[in-house]
Number of protein chains: 2
Amino acid sequence: MTRAQKTVSNIGDTVIVHESETLDQLFGYHLKRAMNVFQMDLKQTLKPFDLRMLTYTALVMIVENPGLRQSQLAHAMEVERPNMVVIIDTLENRELITRDPVVTDRRAYALNATLAGRRLAEKATIAVRTHEERLLHAVPPERRESVIAALTLIRTIGGGETT
Amino acid sequence: MTRAQKTVSNIGDTVIVHESETLDQLFGYHLKRAMNVFQMDLKQTLKPFDLRMLTYTALVMIVENPGLRQSQLAHAMEVERPNMVVIIDTLENRELITRDPVVTDRRAYALNATLAGRRLAEKATIAVRTHEERLLHAVPPERRESVIAALTLIRTIGGGETT
DNA sequence: TCAAAATTGTTATGACTTATAACTAAATGA
DNA sequence: TCATTTAGTTATAAGTCATAACAATTTTGA
């Protein structure tokens with residue numbers, strides 16, 4: 001049973017739902033279903049590192065963009081500023097990052113990863129890559145690239161985000 | 001500025017984040033970003049019909065699978081049963097669906113769409129398709145099919161859902 | 001047959017996520 | 001200078017999602 005064709009079928013006595021013709025034709029529906037799989041897997045993958053999706057993303061972004069401001073990070077991650085505070089708090093409390101003063105702007109903090117932060121990001125990323133590989137092993141690399149290109153195209157058009 | 005290459009660049013005096021090398025290499029990251037775009041758009045698209053993503057999905061599934069039970073729908077939508085109750089309540093209160101008794105099982109309800117429900121589903125679906133078209137217009141149909149096929153492949157492998 | 005187990009839908013509730021309003025401190029700029 | 005804007009924060013509300021427990025019913029198997 002590779003693809004769903006019928007909307008309903010019978011096994012013995014019980015009716016089993018097989019999706020919906022209409023929804024099956026919607027791109028966003030497939031996007032959501034695939035997203036669910038990735039999200040559940042990612043959650044489990046990050047659990048050993050005591051990271052959530054957002055804290056992981058923030059950590060990696062800080063590692064690769066030293067000196068980043070919270071507001072910039074919030075904007076990049078499409079997260080509201082107040083919510084970014086607690087994410088940063090979490091990472092700072094675990095001493096994975098530091099809030100350093102910015103000489104040119106005393107309101108702002110420059111975010112920097114500590115050595116522990118960089119190491120954790122590295123380890124977590126390896127785990128995430130491994131798990132992605134497991135999910136994607138049936139999709140050849142060039143297909144993956146093609147899909148990513150399509151997704152990026154969609155985002156840059158529909159999202160209005162120039163980044 | 002179509003694609004991000006550098007992680008950080010300077011415009012005038014302010015540092016601007018351009019994503020992250022590491023995250024950019026992750027399939028799930030692109031999936032999530034594209035998903036955000038779709039989700040925000042869908043939310044706006046369904047607002048005039050006073051439907052949310054889940055109520056829309058449930059309504060369409062009921063329209064196309066008459067007689068469906070709540071638990072079957074919950075399973076198909078990957079939603080917990082208690083949460084399905086409120087979704088069904090909402091649709092029933094608006095008289096878009098009915099909970100009909102099942103002669104063979106007095107515990108269960110057979111879900112059926114009313115005429116109003118079918119009409120609303122139809123109108124909403126047209127709107128959703130239109131909005132998807134706008135988001136996807138830069139992606140040629142065969143690319144879309146290819147992406148959907150890849151997403152389905154991922155789901156059937158990683159998700160474990162035979163459905 | 002009939003008691004135990006499982007299932008359907010439900011209620012109540014709590015955890016977690018995300019959004020909004022309002023505030024302080026600092027920077028900007030007319 | 002003084003009004004306006006911005007960075008970060010606090011408090012809080014709204015929204016989403018998951019868990020436990022329950023009544024009614026069906027199924028199971030001893």
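Below, chain A is the first sequence line, B the second, and so on; all start at residue 1.
Remark: A/Ala34 pairs with B/Leu31, B/Leu151 by the side chain to side chain contact (heavy atoms under 4.5 Å, CB included) rule, at least two apart or across chains. Looking at residues two or more places apart in sequence or on another chain, you find a side chain to side chain contact (heavy atoms under 4.5 Å, CB included) between B/Asn36 and A/Glu78, B/Lys32. In this structure A/Glu80 satisfies the side chain to side chain contact (heavy atoms under 4.5 Å, CB included) test together with A/Pro82, A/Asn83, sequence neighbours excluded. With sequence neighbours excluded, the residues forming a side chain to side chain contact (heavy atoms under 4.5 Å, CB included) with A/Gln25 are A/Glu21, B/Arg129, listed by chain and number. Taking A/Glu92 as the reference, A/Arg99 meet the salt bridge (Lys or Arg N to Asp or Glu O under 4.0 Å) condition, with sequence neighbours excluded.
Taking the side chain as every heavy atom from C-beta outward, A/Arg69 and A/Gln72 approach each other to under 4.5 Å.
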Side-chain donor-acceptor pairs of residues 135-144 of chain B under 3.5 Å, sequence neighbours excluded:
residue	atom	partner	partner atom	Å
B/His137	ND1	B/Arg134	O	2.9
B/Arg143	NE	A/Ser146	OG	3.4
B/Arg143	NH2	A/Ser146	O	2.8
B/Arg144	NE	B/Val139	O	2.7
B/Arg144	NH1	B/Glu133	OE1	3.1
B/Arg144	NH2	B/Glu133	OE2	3.2
B/Arg144	NH2	B/Leu136	O	3.0
B/Arg144	NH2	B/Val139	O	3.2

Distance-only check: which donor-acceptor pairs under 3.5 Å involve side-chain atoms of residues 106-117 of chain A, not counting sequence neighbours?
residue	atom	partner	partner atom	Å
A/Arg107	NE	A/Asp105	OD1	3.1
A/Arg107	NH2	A/Asp105	OD2	2.9
A/Asn112	OD1	A/Gly67	N	3.0
A/Asn112	ND2	A/Asp100	OD2	2.8
A/Thr114	OG1	A/Glu95	O	2.7
A/Thr114	OG1	A/Leu96	O	3.1
A/Thr114	OG1	A/Ala116	N	3.4
A/Thr114	OG1	A/Gly117	N	3.0

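The span of DNA chain C lying next to chain B, judged by atoms under 4.0 Å from heavy atoms, is bounded 5' to 3' by C/dT7 to C/dA12. Where DNA chain D meets chain B (any atom under 4.0 Å from a heavy atom), the bounding nucleotides read 5' to 3' are D/dT16 to D/dT26.
Residues from residues 88-109 of chain A with heavy atoms under 4.0 angstrom of DNA chain C, sorted by number: A/Asp105, A/Arg106, A/Arg107. Residues from residues 41-55 of chain B that place a heavy atom under 4.0 Å from any atom of DNA chain C: there are none.
Applying the side-chain hydrogen bond (donor to acceptor under 3.5 Å, both in side chains) definition to pairs two or more places apart or across chains, those involving residues 53-62 of chain B are B/Tyr56-B/Thr125.
A distance of 10.0 Å separates CD in B/Glu64 from CG in B/Leu59, rounded to the nearest 0.5 Å.
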